[in-house]
Amino acid sequence: MSDKTIKNLPKTYNPGEVEDRIYRFWQKGGYFHAVAHGENCDIKPYTIVIPPPNITGQLHMGHALDNTLQDILIRWRRMQGYEALWMPGTDHASIATEAKIVEAMAKEGLTKQDIGREGFLKRAWEWKEKYGRRIIEQLKKLGSSCDWERERFTMDEGCSRAVREVFVRLYEKGLIYRGERIINWCINCHTSISDAEVEYDERDAAFYHLRYPLADGSGHLELATTRPETMLGDTAVAVHPDDSRYAHLVGKNVILPIVGKEIPIVADAYVEMDFGTGVVKITPAHDPNDFEVGLRHDLPVLTVTDEDGIMNEHAGKYRGMTIMQCRKAIVNDLQQQGYLVKIEPLKHNVGACYRCGTVVEPRVSMQWFVKMKPLATPAIEAVKNGQTRFVPERFEKVYFHWLENIRDWCISRQLWWGHRIPAWYCEGCGDIVVSLEDVEECPKCKGDLRQDEDTLDTWFSSALWPFSTLGWPDKTPELDYFYPTNTLVTGYDIIFFWVVRMMFSGLEHTGKVPFDTVFIHGLVRDAQGRKMSKSLGNGVDPIEIIEKYGADALRFALATGNSPGNDMRFTDEKVESSRNFANKIYNAARFILLNIGDNEVEQSLPEKLELEDKWIVSRYNTLVAEVTENLEKFELGIAVQKLYDFIWDSFCDWYIELCKSRLQGDNADGARRVLVFVMKGMLALLHPFMPFITEEIWQNLPHEGETLMKSAWPVYDENLSFSDEEKEMERIMEAIRAIRNRRAEMNVPPSKKAPVYIETSFIDTFKRGAVFFERLAGASSVKVGHDFELNGAVSIVTADATIKIPMDELVDKQAERARLTKEKESVQKQLQGVMARLNNQAFVNKAPANVVENARENATRLKEKLSLLEQSLTELG
RNA sequence: GGGCGCAUAGCUCAGCUGGUUAGAGCGCUUGCUUCACACGCAAGAGGUCAGGGAUUCGAGUUCCUUUGCGCCCACCA
C-alpha cells in the first residue's frame, strides 16, 4: 500500500489516484481467486457466472449496472465467508461480430469472399484479442472482483468442446434435426435467425385486394394481401372450412393471375372468416402460417426470392428485381390486367432483424433445429417447483409463457464466425456424420466428407456457459463444487435469449438447474427516460463517468434507488451526489485520523461506553442486521439508502459532532475507539457498494488483516443493543433540534450564545447532555431543574422538557403566544387522532400488542407536551 | 388479442410481509468562511400517495374498477 496517509491528502477525495492502485493491490494479492474445495470442506461456495459481454463492443451503462449488482453480491458473500466465485468471460457474438468485421473490411474494399473463410477467421480472432481485452479492462475499471485466472471465451477450447458434446448428444437423442423449414432470413446479415431474434414493429402498410379468377370460368375469388409480390409463389388459396360463402368452391381451382397457372382452393381453419374477404392466398415458401397450411394440404413450396432478397428464376419477368421493385411492378401489372380491386391502408407488424433492423424475409431453407418441447417441459417444471426462482417473481410468468408456446429453435447460421456445425456429408452415399471429432472419410462407404458450412447460433454456446466454464463435460472439481451456481444477474430483455436456454440446457446436460435465483434488473435509460441507443446518440459512457466521478460514485449511483426488475434513469446529478457521499466518508475518515494522531488505538470498543457511544453503537448494530437482511432479499437499493442515511446523518452529522468536545479532553481514547469501531463497521458494510474508497480508508485505519475485501462481514450482536440509551439520546437530540429551530426562527446569529434553562423530569439525561447543548445549540451555560423563575424568556417545548432561554431583547410576547398556541393546536390535533384510535375497542382488541403499546406511549408523550405548552402559555401571561 | 409494469414533494425516484405525524437525492427559501468536509453545516417551505369503489380496527401498501403512459408476447394474410 501507499505510505501516504490520508491526513496528508487534500480536502477532497481523488478517486482517480486511488482506484487503479487499489485494484492492482487486490489483483496482486490474488483476492479474487476462488478455489474448489473438496467434499469434506464446510466452506460453502457462492457462484455467479457473468453474462459474458460481447467482444464487439465496449462497456455501456447496462453492463455497468449488471456488473455492479453482481460485484455487490459477490463481495458481500465473500466477506460472509463463502468461497465466492465470480466467473468471468466474453462472448464471441457470432452475428454481431461478423457484421462488424464485414463492415470494417468494406472500408478496405474487401468482402468475405475476397479473403475466404480462413482469412476471415484470422481477422476475427485478431478482433477478439483486441476488443475482448478492451472490455475486460473496462470491467476492471468498474471494480469487478472477477476471478480473472478463470477467464473464459465462448469459443475457447473448453467451451467449443462442450458445444460439440451437446450437439452430438442432442443429435443422437433425436433432439437436433436437420430439415427444410421456414425460417427468418435476414438479407443483410445473410443468415437465418431464430424467432427470438426477430423484433416486431408496427408500421403503415397497404392491404392489396386482388381478384383470382375461378378456373371453371364461373367467377372469381377476392382476397387481400400485404405482400402481393409473393403471389408468384402461391400454390393454393384457402378459406375457412365453416365459411358457407365459399364451401361450394373448396376443391376447385383458381387461376393465378399473371402466372396463369391453376392452383387449388383448400379449406383450413387457420383462415379468419371475419378478416379481409375470408380468403387467403397461400405462399408456403414465404410465410410461416402458409408454410403450415402447405404441410397440412401437401402443397408444393415455391421459393421466388434468393438469399439477397432478389426475385429469382421462378419470378419470370420480375427476375432480378428487389422485393420492393417487384411489388411495385406487380401491383401495376395486376391493375392493368384488372386483377387489383383496391388498396387499403393497414397498420401491421413487420419483423426486423434485431441486429441490423432489416426487414426479415420468411424463407424455406435447409437448417438445423433443436426440438424444443421435450426440453421446455422440465425447464418449466423446475421453476414451478421452486428449484429456480425469479426476483422479482413476476418474470416467472414471462418465462412460462415463452416456454409454453415455444417453437423449434433454428440453430444454424450462414456465418463463418462461430462454432462450425460438427456434421459431415458424404459425397458418395450422401450419409450424414455427426461427430465429436473431425472426420475425414465416410464410415459407411469411405467416400469423401464435406463439413457443413454453417455455424451455430451464438446463444447455443452461451446456453452452456454456467457449466461449460466450469469444465463440463469433464467431471472437474470446479463443476462439482461450484455448480449449480447461485445467482444469475441479468436484464429482463434477455430472459428469452439466454436465461431460458441456460435453464433447459443445464437440466438436460447436467440434470440440475444452472442457478437457484435469477435476479432481474431493468434497463438504464437516459435522463429523459429514453432507451440509450447508438442511433439516438444518447448513450452515456461509463468510462467517462468513472474518470470524472470515480467508479465508486458510479456504482453507488446505479445501486441507489434501483429496485429489481424496474428501469432506471441515469443522470449526472445522481452520480454527483454519490461522489459527494464518497467525499463525506473520506472527510469523516480524515477527521478520525486527525484525532488519532500518534495515539495507539485499540481495535475493540472501550469497557465504558458513554451515552452517545451506546446510541451510535446500538444504531450501527441495527444497521448491520437490516443491511444484511436487505441484501439477502436482493433489496440492494434499500440497503444503499440505509447506509447513506446512517453514515451521513447519524454518524457524521451527529456522532462526530457529539464527540468533538470529548476528543479535546481526557476521555479522548474512548471516543477514538468508538469512532474507529463504527467507522470500520460502516466501511465493511459499504464495501460491496463502494469497494475502492472503503479499502483505501480501511488501510489507513488501525486494522488487522491484509484487506478489507477479505475481512469479515459484520454480524448483529445482542450485546451492542442499547435501546434505553437510544431513547435517552433521542430526548437530547430532539431538544437540540428544537432550540436550533427557535433560534433560526428568531434570526439569532450562531455567534450569539445564551444561557439555557431546562425544566424536565429527566434530570440526569439532560445534565449529561449539557455539553451538547453548549456545542450544538448555542448555549453559553446550561441549568437543569424544575420551575426556573425567568422573566421574558423564550420557551421551547418538547415532549420531555421545557427549555427556557432568556433573551429579553428578542422576546415578542404576542408572537410568542401565537407560536405556542399554534403548536398547542397541532399537538391537540395529533392527540385527538391517537385517542380516537385508543378509544376504539376494535382497535385495542384486534391490533397487535406492540402497535397498541406504541399508540399509548405516543398519547402519553403528546399529553405531556400539551401540558407543558399550556404551562408555558400561562407563564407568559 | 393476451400479459406485465408505472402513476407518491417542482424534478428523479424509494417505500419489504397493511400499523405512529409518507421518505431520499436534486431543486427552492433563510442563516453560517463552526478547528473533517461549501462535493459542507444548520433551519425551513413543499404531498387530499392518478380517479372511484370494496375488504379491514387501520390502506400509499390488499382486491375490483376507470383513466393516462410505457413495455413484452402473439401475428388476422
Side-chain angles (χ1 to χ4, degrees), chain A residues 6-7 11-13 200 207 223-227 230 238 270-277 279-283 287-290 293 346 348-349 351 394-395 397-398 401-402 405 492-493 495-496 522-523 527 529 549 553 557 560-563 565-569 571 573-574 576-595 629-630 633 635 637-638 640-641 644-645 652-653 656-657 660 664 737 740-745 747-751 775-776 826 829-830 833-834 837 840-848 850-852 854-855 857-859 862:
Chain A
I6 246 172
K7 40 190 166 168
K11 288 179 178 182
T12 45
Y13 174 63
Y200 290 91
F207 207 28
L223 52 81
T225 179
T226 52
R227 298 201 55 192
T230 62
Y270 147 71
V271 180
E272 290 285 326
M273 286 191 274
D274 304 333
F275 188 78
T277 61
V279 184
V280 185
K281 63 192 252 333
I282 301 297
T283 323
D287 181 280
N289 290 308
D290 292 8
V293 175
L346 178 81
H348 86 143
N349 282 334
R394 70 180 127 96
F395 288 101
K397 266 195 168 177
V398 180
H401 185 258
W402 173 264
N405 296 289
Y492 58 71
D493 52 332
I495 293 176
F496 304 135
L523 266 42
Y549 300 103
T560 300
N562 187 279
S563 58
N566 290 347
D567 291 353
M568 65 185 306
R569 294 189 196 206
T571 58
E573 290 76 53
K574 258 187 213 171
E576 212 167 288
S577 100
S578 299
R579 187 267 323 261
N580 295 351
F581 177 59
N583 195 51
K584 187 75 184 172
I585 302 159
Y586 167 82
N587 274 294
R590 270 181 70 223
F591 172 80
I592 294 172
L593 287 164
L594 230 51
N595 279 286
E629 196 191 330
N630 290 138
K633 289 154 81 178
E635 296 165 354
I638 298 174
V640 144
Q641 191 61 52
Y644 185 95
D645 291 343
C652 293
D653 288 347
I656 285 185
E657 296 306 325
K660 279 183 176 170
Q664 318 286 314
R737 283 193 205 100
R740 286 167 166 176
N741 179 339
R742 281 300 286 136
R743 287 177 59 108
E745 267 178 19
N747 294 316
V748 181
S751 53
R775 183 137 203 136
L776 305 176
S826 152
K829 209 174 150 196
Q830 284 176 50
V834 181
R837 247 179 311 148
N840 181 344
Q841 269 316 107
F843 171 72
V844 178
N845 292 340
K846 291 186 182 176
N850 67 313
V851 173
V852 178
N854 279 343
E857 268 177 37
N858 198 13
L862 288 169

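Letters A, B, ... are given to chains in the order of the sequence lines, protein chains preceding strands, and every chain is numbered from 1. Quick caveat: nothing in here was measured; it's all calculated off a predicted structure.
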Looking only at the side chain of [X] (C-beta and beyond, no hydrogens), which of the listed nucleotides [options] gets closest?
X: T12(A); options: C39(B), C32(B), A43(B); answer: C39(B)
X: K584(A); options: C37(B), U30(B), A14(B); answer: C37(B)
X: K11(A); options: A38(B), C16(B), A43(B); answer: A38(B)
X: R737(A); options: A77(B), A43(B), A42(B); answer: A43(B)
X: I656(A); options: A43(B), A36(B), A77(B); answer: A36(B)
X: N583(A); options: A77(B), A42(B), C37(B); answer: C37(B)
X: N566(A); options: C13(B), G5(B), A43(B); answer: G5(B)
X: N747(A); options: A42(B), U30(B), A14(B); answer: U30(B)
X: T225(A); options: A43(B), U12(B), A77(B); answer: A77(B)

Let me know the distance between [atom1] of [X] and [atom2] of [N], rounded to the nearest Å.
X: R743(A); N: C32(B); atom1: CZ; atom2: P; answer: 13 Å
X: L346(A); N: A77(B); atom1: CG; atom2: P; answer: 7 Å
X: R227(A); N: C75(B); atom1: CZ; atom2: P; answer: 16 Å
X: N850(A); N: G58(B); atom1: CG; atom2: C1'; answer: 14 Å
X: Q664(A); N: U34(B); atom1: CD; atom2: P; answer: 16 Å
X: I495(A); N: C73(B); atom1: CD1; atom2: P; answer: 11 Å
X: N405(A); N: G3(B); atom1: CG; atom2: P; answer: 13 Å
X: H401(A); N: A74(B); atom1: NE2; atom2: C1'; answer: 7 Å

Item checked: Which residues share a ring-ring contact (aromatic ring centres under 6.0 Å, His included) with F275(A), sequence neighbours left out -> F207(A)
Touch class at under 4.0 angstrom, heavy-atom based, for [X] against every strand present:
X: E629(A); answer: nothing
X: G637(A); answer: nothing
X: D493(A); answer: nothing
X: Y200(A); answer: base
X: R740(A); answer: sugar-phosphate

Specify the closest pair of heavy atoms between [X] and [Y], including all atoms of both residues, with the distance to one decimal.
X: T230(A); Y: K281(A); result: OG1-NZ, 2.6 Å
X: T283(A); Y: D290(A); result: N-OD2, 2.7 Å
X: R740(A); Y: L776(A); result: NE-O, 3.0 Å
X: A588(A); Y: I656(A); result: CB-CD1, 3.9 Å
X: T571(A); Y: A527(A); result: CG2-CB, 3.8 Å

So does [X] get a side-chain nitrogen or oxygen closer than 4.0 Å to the phosphate oxygens (OP1/OP2) of [N]?
X: K397(A); N: C73(B); result: no
X: N289(A); N: C76(B); result: yes
X: K660(A); N: U34(B); result: no
X: R394(A); N: C4(B); result: no
X: R775(A); N: U34(B); result: no

Margin query: Looking at R569(A), is its backbone amide N or carbonyl O close enough to the side chain of K574(A) to form a donor-acceptor pair, meaning the two atoms are under 3.5 Å apart?
Written below: yes
Next item on the list: Taking N595(A) for its side chain and F591(A) for its backbone only, find out whether a donor-acceptor pair lies under 3.5 Å.
Entry: yes
Check: For RNA chain B, whose closest nucleotide is more 5', that of A527(A) or that of P749(A)?
Finding: A527(A)
Margin query: Need to verify one output field. Residue with the more 5' nearest nucleotide on RNA chain B, C652(A) or G276(A)?
Written below: C652(A)
Looking at [N], which nucleotide sits across from it as a Watson-Crick or G-U wobble partner, both distances under 3.5 angstrom, or is there none?
N: U48(B); result: none
N: G58(B); result: none
N: G25(B); result: C11(B)
N: C71(B); result: G3(B)
N: G40(B); result: C32(B)

Considering only the [atom1] atoms, how many Å lie between [N] and [M], rounded to the nearest integer?
N: A42(B); M: U33(B); atom1: P; value: 16 Å
N: G5(B); M: A22(B); atom1: P; value: 27 Å
N: G3(B); M: A77(B); atom1: C1'; value: 25 Å
N: A36(B); M: G40(B); atom1: C1'; value: 10 Å
N: A24(B); M: C32(B); atom1: C1'; value: 24 Å
N: G27(B); M: G70(B); atom1: C1'; value: 26 Å
N: C39(B); M: G46(B); atom1: P; value: 29 Å
N: C13(B); M: U56(B); atom1: P; value: 36 Å

Notebook entry, point to check: Does the base of C75(B) carry an N or O that pairs as donor and acceptor with the side chain of N349(A) under 3.5 Å?
Noted result: yes
Note to self: Looking at the base of A36(B), is there any donor atom on it, or on the side chain of E657(A), that sits under 3.5 Å from an acceptor on the other one?
What the structure shows: yes
Give me the distances for all protein-to-nucleotides 18-25 of chain B N/O pairs that come in under 3.5 Å?
| unit_1 | atom_1 | unit_2 | atom_2 | d |
| --- | --- | --- | --- | --- |
| U20(B) | O2' | N858(A) | ND2 | 3.3 |
| U20(B) | O2 | N858(A) | ND2 | 2.6 |
| U21(B) | N3 | Q830(A) | OE1 | 3.1 |
| U21(B) | O4 | Q830(A) | OE1 | 3.1 |
| A24(B) | O2' | Q641(A) | NE2 | 3.2 |
| G25(B) | O2' | S577(A) | OG | 3.4 |

Is there side-chain contact between [X] and [Y], with heavy atoms separated by less than 4.5 Å?
X: Y586(A); Y: T12(A); result: no
X: Y13(A); Y: N587(A); result: no
X: I495(A); Y: W402(A); result: no
X: K11(A); Y: R590(A); result: yes

